[in-house]
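None of these values were measured; they are calculated from a predicted model. Sequence lines set the chain letters: A, B, ... in the order given, protein chains first and strands last, and positions in each chain run from 1.
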2 protein chains.
Amino acid sequence: MDLFYQTCREHGLKITPQREQIYKEICRSAKHPTADQVYRAVKRRISSITLDTVSRTLHLFVKAGLVISVESYGTARRYDPNVQPHHHLHCTECGGIMDFEYRPFDRITAPAQVAGDFEVSRTRVVVSGICANCKKKQKRKVR
Amino acid sequence: MDLFYQTCREHGLKITPQREQIYKEICRSAKHPTADQVYRAVKRRISSITLDTVSRTLHLFVKAGLVISVESYGTARRYDPNVQPHHHLHCTECGGIMDFEYRPFDRITAPAQVAGDFEVSRTRVVVSGICANCKKKQKRKVR
DNA sequence: TGACAATTCAGAGTAGGTCCTATTTACTGG
DNA sequence: CCAGTAAATAGGACCTACTCTGAATTGTCA
Ligand SMILES: [Mn+2]
Ligand SMILES: [Mn+2]
Ligand SMILES: [Zn+2]
Ligand SMILES: [Zn+2]
């Protein structure tokens with residue numbers, strides 16, 4: 001939470017109970033949640049909160065670099081409190097996105113002829129497939 | 001279009017004018033369009049078509065392996081007629097997704113300790129940043 | 001402790017779908 | 001080439017996840 005208070009101060013963002021809970025919630029969930037998922041969780045603590053507040057707050061957090069917006073597959077925008085370089089496993093069955101770290105991938109760089117005039121800010125490896133959980137379920141169905 | 005007719009036959013999908021136009025449109029657009037974008041384009045040729053038809057058709061195309069569903073950033077699901085290994089540039093300003101090919105990236109593989117029980121079907125490098133076009137616009141604003 | 005800009009809430013509006021049902025159409029095999 | 005049948009489509013209701021607007025509230029700093 002220190003990072004939260006510091007970043008807010010640096011970017012002139014007021015510290016409100018709503019914002020504290022939104023940041024806490026996104027850190028607690030390991031699931032790259034959508035605005036709506038964060039909204040439902042925070043609403044249990046602050047019952048008056050609206051989805052609008054959560055959405056706008058998450059946009060501000062992204063601008064401030066406190067969280068990032070990561071790739072999704074047909075679902076709403078998903079947020080990630082892990083702003084360090086890391087990579088993703090994406091399950092095409094359940095839609096889950098899981099982090100993985102593998103240092104050699106952090107050094108991957110697109111060559112100049114590809115990047116061209118593109119100003120690169122982040123490079124990520126995304127591995128799509130079927131997670132262990134969903135594979136188990138599929139097998140059960142087959143029997 | 002040969003691939004279209006062949007894949008439809010192989011998967012027992014009836015060949016309808018709607019499906020022909022949907023596939024043609026997604027091939028023509030280099031922009032990884034959403035169902036709604038395909039719908040608007042096809043509607044100019046088949047004015048009675050509904051978004052529902054386009055949505056369901058695209059799901060079927062994905063199941064048949066005729067197109068793939070690619071990562072998006074808070075927008076709706078996006079489709080790609082290029083099912084061969086390739087990689088993406090993602091502009092965080094305009095939301096555009098552009099293809100790039102770079103053979104060395106095609107060989108990237110997550111190590112066993114990462115993949116674990118995950119059944120990998122596809123590995124892609126996603127480079128996020130700002131495209132040449134958006135950079136130009138930003139500079140114009142600054143002046 | 002104010003003053004006041006920033007933030008929040010409530011509610012209406014919107015985008016991009018999904019679901020349901022009746023009608024139409026593409027394929028089959030006689 | 002035609003009829004029967006299963007698949008596909010159109011139209012419309014419904015839904016989810018935002019996004020916008022305007023008024024009320026609150027955090028910050030002098
Ligand atoms: Mn992550
Ligand atoms: Mn592509
Ligand atoms: Zn899964
Ligand atoms: Zn751009």
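What you find for Y79(A) and V62(A) is that their closest heavy atoms are CE2-CG2, 3.7 Å.
Aromatic ring pairs are classed by plane angle as parallel below 30°, tilted from 30° to 60° and perpendicular above 60°; the pair H88(A) and H32(A) is perpendicular. Ring geometry for H87(B) against F105(B) counts as perpendicular: the plane angle is over 60°, on a 0 to 90° scale with 30° as the lower cut.
Remark: K24(B) NZ to Q21(B) CD distance equals 5.0 Å, nearest 0.5 Å.
Among the atoms of the strands shown, none is found under 4.0 Å from any heavy atom of R9(A). Using a 4.0 Å heavy-atom criterion, one finds that T34(B) contacts the sugar-phosphate atoms exclusively.
Residues forming a ring pair (Phe, Tyr, Trp, His ring centres under 6.0 Å) with Y5(B) (at least two apart in sequence, or on another chain): none. Taking R44(A) as the reference, nothing meets the salt bridge (Lys or Arg N to Asp or Glu O under 4.0 Å) condition, with sequence neighbours excluded.
Rounded to whole angstrom, the span from the NE2 atom of H11(A) across to the P atom of dA6(C) amounts to 16 Å. Separating the OH atom of Y39(A) from the P atom of dA17(D) is a distance of 11 Å, rounded to the nearest angstrom. Atom P of nucleotide dT14(C) and atom CG of L51(B) are separated by 18 Å, given to the nearest angstrom. The distance between atom CD of Q37(A) and atom C1' of dT16(D), rounded to the nearest whole Å, is 12 Å. As rounded to whole Å, 13 Å separates atom C1' of dT18(C) from atom CG of D36(B). Atom-to-atom, CZ of R78(A) to C1' of dA17(D) comes out at 14 Å; the value is rounded to the nearest Å.
Here E71(A) pairs with R124(A) in a salt bridge; the nearest charged N to carboxylate O distance falls below 4.0 Å.
Using modelled atom types, one side-chain atom of T7(B) and one backbone atom of L3(B) make a donor-acceptor pair closer than 3.5 Å. At distances below 3.5 Å, not a single donor-acceptor pair connects side-chain atoms of T53(B) with backbone N or O atoms of I49(B).
Under the 4.5 angstrom side-chain criterion for Ile, Leu, Val, Met, Phe, Trp and Tyr, the cluster partners of L13(B) are L60(B).
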task = Would you sketch DNA chain D in dot-bracket for me? Only Watson-Crick or G-U wobble pairs with both distances under 3.5 Å count, crossing pairs as [ ], other-strand pairs as |, the rest as dots.
result = ||||||||||||||||||||||||||||||
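In this structure, the side chains of P33(A) and I26(A) come closer than 4.5 Å at one or more pairs of heavy atoms.
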Produce the list of close N/O pairs, under 3.5 Å, pairing protein atoms with atoms of nucleotides 9-12 of chain C; give distances to one decimal.
from    : atom 1 : to     : atom 2 : distance (Å)
dC9(C)  : OP1    : Q18(A) : NE2    : 3.3
dC9(C)  : OP1    : S48(A) : OG     : 3.0
dC9(C)  : OP2    : T53(A) : OG1    : 2.9
dA10(C) : OP2    : S48(A) : O      : 3.3

Report each atom pair, protein N/O against N/O of nucleotides 27-30 of chain C, whose distance is under 3.5 angstrom.
from    : atom 1 : to     : atom 2 : distance (Å)
dC27(C) : OP1    : I15(B) : N      : 3.0

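The side chain of R19(B) contributes an N or O atom lying less than 4.0 Å from OP1 or OP2 of dT9(D). Between H59(B) and dG17(C) there is no side-chain polar atom (N or O) within less than 4.0 angstrom of OP1 or OP2.
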